[in-house]
Asks: 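Before I ask anything, let me first share the structure, which is written out below as structure tokens.
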Amino acid sequence: MKKSTATVSVSVTEQLCLSLLHKCKTLKTVKQVHAITCKTGLDTDRIVAGKLLLHCAVSISDALDYARRLFHHFPDPDVFMYNTIIRGFAESDTPRNSLVAFVEMRRRACVLDSFSFAFVLKGAANYGYLRGGVQLHCDAMRHGLNTHLFVATTLVSVYSECGCVSSARKVFEEMSEPNVVAWNAVLTACFRCGDVKGSEEMFDRMPIRNLTSWNVMLAGYIKAVELELAKEVFLEMPVKDDVSWSTMIAGFAQNGCFDEAFGFFRKLLWVGMRPNEVSLTGVLSACAQAGAFEFGKILQGFLEKAGFLWMISVNNALMDTYCKCGNVGMARLVFERMPENKSIVSWTTMIAGLAMHGNGEEAIQLFHDMEASGIRPDGITFISILYACSHAGLIEQGCKYFSKMKDVYGIEPVIEHYGCMVDLYGRAGKLQKAYDFVCQMPISPTAIIWRTLLGACSIHGNVKLGEKVKERLSELEPSDSGDHVLLSNIYAIAGKWKDVATVRRSMTDQKIKKTPGWSMIEVDKIMYAFVAGGKQDKITQEAYEKLREIISKLRIEGGYVPEVGSVLHDIEEEEKEDSVSRHSEKLALAFGMARLCEGSVIRIVKNLRVCRDCHAVMKLISRVYRLEILVRDRSRFHSFRDGSCSCRDYW
DNA sequence: GTAGGGTTAG
């Protein structure tokens, strides 16, 4: 009698612990439940210990290390516990550990089941360890588990993640009764390896399709930049869920089709669908790239009202939008008002935002705040902080962080970090130092590295080094139009018109076309795009008319003389003037001045770097017209006020 | 008591 009461009371406690555990969202609360299990002796109960382990290893973030300790503490882990720890490691940033645990499991002669193989295969894929994956495949065969539906499906995706589409398809073709999930896996496998035709064939062959199959097609076409085909599938699919909509919004935004991304978002609301994290970050990303500030503000209002601001990722995307739309102050407000659990992305976004606006000191302060708050910076954080240093001319600080990254945090620099260092020295005019740095890099410099240095040669007018660097670039990417333009600019600034002509000729001979410059401006929440010397529509006419009026006022009141150094052609002076006067950023600016009401800040986004003459014109306009102009170019922000620019003529 | 396929911000 006494014994049975005890059994009942243990099972009640067990139930209680399990239900408590289910509610735990943080490591702290899980630890409290763990303490209860220890006190009640339930810590040796397989079911409770297993669930505790599962919760730490899979459900809660940053609790994997605790899971590892729990696992090692248990004297005789069973197959469930092994599977759980393998799964936890497989999905972590140390997937190699899942293979270690698997080997240990085999050594201890624990029974392997389909779960063990499915999880450890995922670990091998995430570790990028194809050979290990193949070994595990053989091992699964020995256990007769390779044809198990779940294991085989995992094998299909593992092989495709490793780029082996033929192996993936082979595993699939050998499956006796593939279900819709297996079919979807093989569709994804074909797309992942760039085999669009293969996916289409598979899709036609499928005996049944559910919603996910259609979504796979959408995502696949978008990845292959077959946007029209994606649209066709989207129209054709019988049912659309939030993933379908988010795929379209994020996909079109990623491919620079902002208008369409906005359009899909509006339509999503129109059909009564509730946006999710992905569609929201997608539409915000479109705003960020397009520089659509007013639309961004409207979205923030919507996010507040509809209760989306508890999502960290949405806040991060909103911050990025404000930074890229030129309002770093509003980004900072979002950052300060964010929920407690800011992520590494939140900190890095804010640091990068301050950096692109030239607020180097503030970015450095924030980096220290981040360290103090216990968040460990990663490689991308260091790219942002190095970028902050180079754009604010903080050379010593930049060098300090470059060393700190390696010495304190053990992060090995990658090509982007080296690029920042070249920019740091190059922008500051330490061109020889930058060149020596490139020559001493432990990894071979890419075209981007040399291009950074060529840009610096152009800023500082160093013809000799510029020529040397261009030679390196010609070996790596001989037909890049930007490089030719940069070299031509270097010659033009030095007045070497003959050399300019040679560059121009070589461009014509090699059929290299200059990337057309475009600029965008937002007026009444509509984005208007202008192209240099573009078609003569009504909008462009209006911009030209206003521009002529502005230039003549600048000549009289501002003493404006056009700077034609950056004109590629050795043409007559008058023609050169005409050529710079057609630059897209000037047209966008003139249009903004014609349309926007007085006192508004003019925000322009340009795809290339601002030219010297446009930069000078904007400085003058900001003084003569008492206007604030904000330009985002390919490299940074320029904030023009009272005749000067925040970049201190340094870009 | 655990899985496999589709969308995400720096």
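Hydrogens, waters and symmetry mates play no part in the numbers below; they use all other heavy atoms, side chains included. Residue numbers begin at 1 in each chain, while the letters A, B, ... track the order of the sequences.
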Asks: Please determine if A:R266 forms a cation-pi arrangement with A:F295, meaning its NZ or CZ atom is less than 6.0 Å from the six-membered ring centre and no more than 45° off the ring axis.
Replies: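 Because its charged atom sits under 6.0 Å from the ring centre and within 45° of the axis, A:R266 does stack over A:F295.
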Asks: Taking the six-membered ring for Trp, is the centroid-to-centroid distance between A:H143 and A:F117 below 6.0 Å?
Replies: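 Centroid distance A:H143-A:F117: below 6.0 Å, so yes.
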Asks: Using ring centroids (six-membered ring only for Trp), state whether A:Y82 and A:F71 fall under 6.0 Å.
Replies: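 Yes: the rings meet the under 6.0 Å criterion.
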Asks: Quick one: A:L155 CG to B:dA3 C1', roughly how many Å, whole number?
Replies: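 So the two atoms are 13 Å apart, to the nearest Å.
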Asks: Of all residues at least two apart in sequence or in a different chain, which pass the side-chain contact (heavy atoms from CB on, under 4.5 Å) check with A:E362?
Replies: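 Partners of A:E362 under the side-chain contact (heavy atoms from CB on, under 4.5 Å) test: A:R332, A:L354, A:N359.
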Asks: In whole angstrom, give the distance that lies between atom CD1 of A:I208 and atom P of B:dG5.
Replies: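 In whole Å, B:dG5 P lies 17 Å from A:I208 CD1.
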Asks: Parallel, tilted or perpendicular: which fits the ring planes of A:Y129 and A:Y127, with parallel below 30° and perpendicular above 60°?
Replies: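 The rings of A:Y129 and A:Y127 stand perpendicular, inter-plane angle above 60°.
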Asks: Taking DNA chain B as the partner, which of residues 182-203 of chain A come within under 4.0 angstrom of it by heavy atom?
Replies: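 Contacts with DNA chain B under 4.0 Å: A:N184, A:T188, A:R192.
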Asks: According to side-chain contact (heavy atoms from CB on, under 4.5 Å), who are the partners of A:R376, at least two apart in sequence or on a separate chain?
Replies: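 Residues passing side-chain contact (heavy atoms from CB on, under 4.5 Å) with A:R376: A:Y409.
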Asks: Just to be sure I understand the geometry, which residues of residues 354-389 of chain A put a non-hydrogen atom under 4.0 Å away from DNA chain B?
Replies: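 When residues 354-389 of chain A is checked for heavy atoms under 4.0 Å from DNA chain B, the hits, listed by number, are A:D378, A:I380, A:T381.
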Asks: Pull out every residue in residues 83-91 of chain A that has a heavy atom closer than 4.0 Å to any atom of DNA chain B, ordered by number, or say none.
Replies: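 Per residue number, the list reads A:N83, A:R87.
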Asks: For A:L149, which contact category applies under a 4.0 Å heavy-atom criterion: base, sugar-phosphate, or nothing?
Replies: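 Base, at least one base heavy atom under 4.0 Å.
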Asks: So does A:K404 have more than 12 non-hydrogen atoms from other groups sitting under 6.0 Å from NZ?
Replies: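 Enclosed.
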Asks: Name every residue in residues 157-179 of chain A that has at least one heavy atom under 4.0 Å from any atom of DNA chain B, in order of residue number, or write none if there are no such residues.
Replies: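 Only A:N179 qualify.
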Asks: The side chain of A:H148 is closest to which nucleotide in this list: B:dA3, B:dG5, B:dG10?
Replies: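 Minimum distance to the A:H148 side chain belongs to B:dA3.
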Asks: Go through the steps to decide whether A:E161 and A:K122 satisfy the test side chain to side chain contact (heavy atoms under 4.5 Å, CB included), and finish with yes or no.
Replies: CA-CA 10 Å; A:E161 274 166 37; A:K122 203 86 199 153; 3.6 Å; yes
Asks: With heavy atoms under 4.0 Å as the rule, sort A:H55 into base, sugar-phosphate or nothing.
Replies: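 If one applies the 4.0 Å heavy-atom cut-off, A:H55 turns out to touch nothing in the nucleic acid.
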Asks: Please list all pairs passing the salt bridge (charged side-chain N to carboxylate O under 4.0 Å, His left out) test where one or both residues lie in residues 82-94 of chain A, with sequence neighbours left out.
Replies: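 Residue pairs with at least one partner in residues 82-94 of chain A: A:R87-A:E91.
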Asks: Name every donor-acceptor pair, under 3.5 Å, that has one atom in a side chain of residues 228-235 of chain A and the other anywhere in the protein, sequence neighbours excluded.
Replies:
from   : atom 1 : to     : atom 2 : distance (Å)
A:E228 : OE2    : A:K231 : NZ     : 3.4
A:K231 : NZ     : A:E260 : OE2    : 2.6

Asks: When we call it a touch if two heavy atoms are under 4.0 Å apart, what does A:T153 touch: a base, just sugar-phosphate, or nothing?
Replies: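 Counting heavy atoms under 4.0 Å across all strands, the contact made by A:T153 includes a base.
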Asks: Starting from P on B:dG4, measure out to CZ on A:F115 and report it in whole angstrom.
Replies: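 It is 10 Å, rounded to the nearest whole Å.
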Asks: Checking contacts here: which listed nucleotide (B:dT2, B:dG5, B:dG1) is nearest the side-chain heavy atoms of A:F119?
Replies: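 Nearest listed nucleotide: B:dT2.
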Asks: So which of residues 238-251 of chain A are in contact with DNA chain B, with a heavy-atom cut-off of under 4.0 Å?
Replies: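 By residue number: A:D241, A:V243, A:S246, A:T247, A:A250.
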Asks: Sorted by first residue and then second, give each ring pair (Phe, Tyr, Trp, His ring centres under 6.0 Å) pair with at least one member in residues 42-61 of chain A; sequence neighbours left out.
Replies: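 Non-adjacent pairs meeting ring pair (Phe, Tyr, Trp, His ring centres under 6.0 Å): zero.
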Asks: Between B:dA3 atom C1' and A:F80 atom CZ, what is the distance in whole Å?
Replies: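 A:F80 atom CZ is separated from B:dA3 atom C1' by 11 Å.
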Asks: Should the side chain of A:T348 and the base of B:dG10 be counted as holding a donor-acceptor pair, with the cut-off at 3.5 Å?
Replies: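 Looking at the base of B:dG10, it does pair with a donor or acceptor on the side chain of A:T348 (distance under 3.5 Å).
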Asks: Rounded to whole Å, how long is the line connecting atom CG of A:L218 with atom P of B:dT8?
Replies: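 Atom CG in A:L218 sits about 12 Å away from atom P in B:dT8.
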Asks: Which one, B:dG1, B:dG10, B:dG5, comes nearest to the side chain of A:V180?
Replies: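 In terms of side-chain proximity for A:V180, the closest of B:dG1, B:dG10, B:dG5 is B:dG5.
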Asks: Under 6.0 Å from the six-membered ring centre of A:F191 and within 45° of its axis: does the NZ or CZ of A:K223 meet both?
Replies: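 No.
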Asks: Could you tell me the separation between the CG atom of A:D45 and the P atom of B:dG1, rounded to a whole number of Å?
Replies: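 The answer, rounded to whole Å, is 14 Å.
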Asks: Can you tell which of B:dG5, B:dT8, B:dT7 lies closest to the side chain of A:V181?
Replies: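 Nearest to the side-chain atoms of A:V181, counting from C-beta on, is B:dG5.
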Asks: Taking side-chain contact (heavy atoms from CB on, under 4.5 Å) as the test, write out the residues that go with A:S373, two or more places apart.
Replies: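 Expected list: A:W347, A:I375.
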Asks: Ring centres under 6.0 Å, that's the criterion: do A:F252 and A:F262 meet it?
Replies: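 No, they do not, as the ring centres are separated by 6.0 Å or more.
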Asks: Base, sugar-phosphate, or nothing for A:S114, non-hydrogen atoms under 4.0 angstrom?
Replies: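 Since a base atom lies under 4.0 Å of A:S114, the category is base.
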Asks: What is the nucleic acid contact for A:T154, judged by heavy atoms within less than 4.0 Å: base, sugar-phosphate only, or nothing?
Replies: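 A:T154: backbone/sugar contact only, no base atoms under 4.0 Å.
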Asks: Can you find a side-chain donor-acceptor pair between A:N316 and A:S313 that sits under 3.5 Å?
Replies: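 There is no such pair between these side chains.
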Asks: Take the protein atom CZ of A:F150 and the nucleotide atom C1' of B:dT2, then report the distance between them rounded to whole Å.
Replies: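 Checked: the CZ to C1' distance equals 11 Å.
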Asks: Partners of A:S285 by side-chain contact (heavy atoms from CB on, under 4.5 Å), sequence neighbours excluded?
Replies: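 A:S285: side-chain contact (heavy atoms from CB on, under 4.5 Å) contacts with A:A253, A:Q289.
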Asks: For A:M237 and B:dT7, give me the distance from atom CE to atom P, rounded to whole Å.
Replies: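 Value for this atom pair: 13 Å.
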